[in-house]
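All values below were derived from every heavy atom in this structure, side-chain atoms included, with hydrogens, water molecules and symmetry-related copies excluded. Atoms within each ligand, like the ligands themselves, are counted from 1 in listed order.
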Amino acid sequence: MKRTTCELYYDRVAHKYDDSYKTPYWDFYNAVTWHNIKKYLPRLQGRRALDIGGGTGLWALKLAKSGYDVTLADLSQKMLDVARRKIESANLLPKVVFAKTDICNLSAFEPDSFDLVLAEGDPLSYCNDPVRAVKEVYHILKADGLFIASVDNKFGGMRVFVRQNELDELEEFVKTGRTNWFTKDESEQYPIKYFTPDELRKLLSRNGFEVLSMIGKPVLSLGSDSESLKDRKSFERLLKLELQLNAEETLLGGAGHLEITGRKL
Ligand SMILES: C[S@@+](CC[C@H](N)C(=O)[O-])C[C@H]1O[C@@H](n2cnc3c(N)ncnc32)[C@H](O)[C@@H]1O
């Protein structure tokens, strides 16, 4: 198995990235995410947003459509290229600037300049130094600005090793929260850091943020091939329940991902 970097991996898959997420499960996941982001938009003082690890522009596009001035930043130039084409087709280029940037080094941006920083799709889990990354985000946010980030959930991640009876890997993972994620065909791998809800809360609260909320995504145990989500009515009913339950402390541990919202103090 070839070791790679996150940047090379996303460069390689950028052209087919969006297609691989066109499933009812990811529609559901994205509906949960957008619901959470939208909830916080009215609190923002201004309209400047940084979407870091913004990939092919899913959230940047929605924010730009909602009237925000967005900086879409990512480690992968190829992901940014795809995003630019989509934003151009939506006639939103005047609302978006693009930057090839690592979340661990945001020195290209002015201090105290953004009202909102999004880091969706787990750049905190993929980057080399999550503490550094959170400090960098703190630096470029305005006071009272919001940081919304998703990460891979450690307790959710353990299931894979348990199911596959990989006990050496499970013991190591429980110790470190780190693993090498590999591609479906197992030809490539790169390292990922998983967080428990408690670790994620501390990551923000020890670096200048008040934690406003944490949700699991999803907390209902829906597999990525869930049959129930294929039916529109079931989808809507499950979504309603998910949104009702996803901040329940006892359910967070079982989710595949965690999403935290913090306010810069
Ligand atoms: C799973 S994709 C999510 C894309 C987008 N945020 C979304 O939710 O659709 C993860 C993205 O994070 C980017 N990424 C990974 N590590 C990063 C880092 N250290 N700094 C900035 N972006 C990073 C990848 O290149 C990729 O585009």
Requested in this report: Given side-chain contact (heavy atoms from CB on, under 4.5 Å), test Lys39 with Asn36 step by step and report yes or no.
Outcome: CA-CA 5 Å; Lys39 190 170 82 182; Asn36 190 52; 3.8 Å; yes
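- Note that the CG atom of Leu167 and the CZ atom of Phe173 stand 14.5 Å from one another [nearest 0.5 Å].
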Short N or O separations between ligand 1 and the protein, below 3.5 Å:
| unit_1 | atom_1 | unit_2 | atom_2 | d |
| --- | --- | --- | --- | --- |
| ligand 1 | 6 (N) | Gly53 | O | 2.7 |
| ligand 1 | 6 (N) | Glu120 | O | 2.7 |
| ligand 1 | 8 (O) | Trp59 | NE1 | 3.0 |
| ligand 1 | 19 (N) | Asp102 | OD1 | 3.0 |
| ligand 1 | 20 (N) | Ile103 | N | 2.9 |
| ligand 1 | 22 (N) | Leu75 | N | 3.4 |
| ligand 1 | 25 (O) | Asp74 | OD1 | 2.6 |
| ligand 1 | 27 (O) | Asp74 | OD1 | 3.2 |
| ligand 1 | 27 (O) | Asp74 | OD2 | 2.7 |

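- Residues Ser113 and Lys142 bring no donor and acceptor atom of their side chains to less than 3.5 Å of each other.
- Taking 4.5 Å as the limit, some side-chain heavy atom of Ile37 sits within range of a side-chain heavy atom of Glu120.
- Judged by the 6.0 Å distance and 45° axis criteria, Lys38 is not positioned over the aromatic ring of Tyr40.
- Below 30°, between 30° and 60°, or above 60°: for Tyr190 and Tyr10 the angle between ring planes is between 30° and 60°, a tilted geometry.
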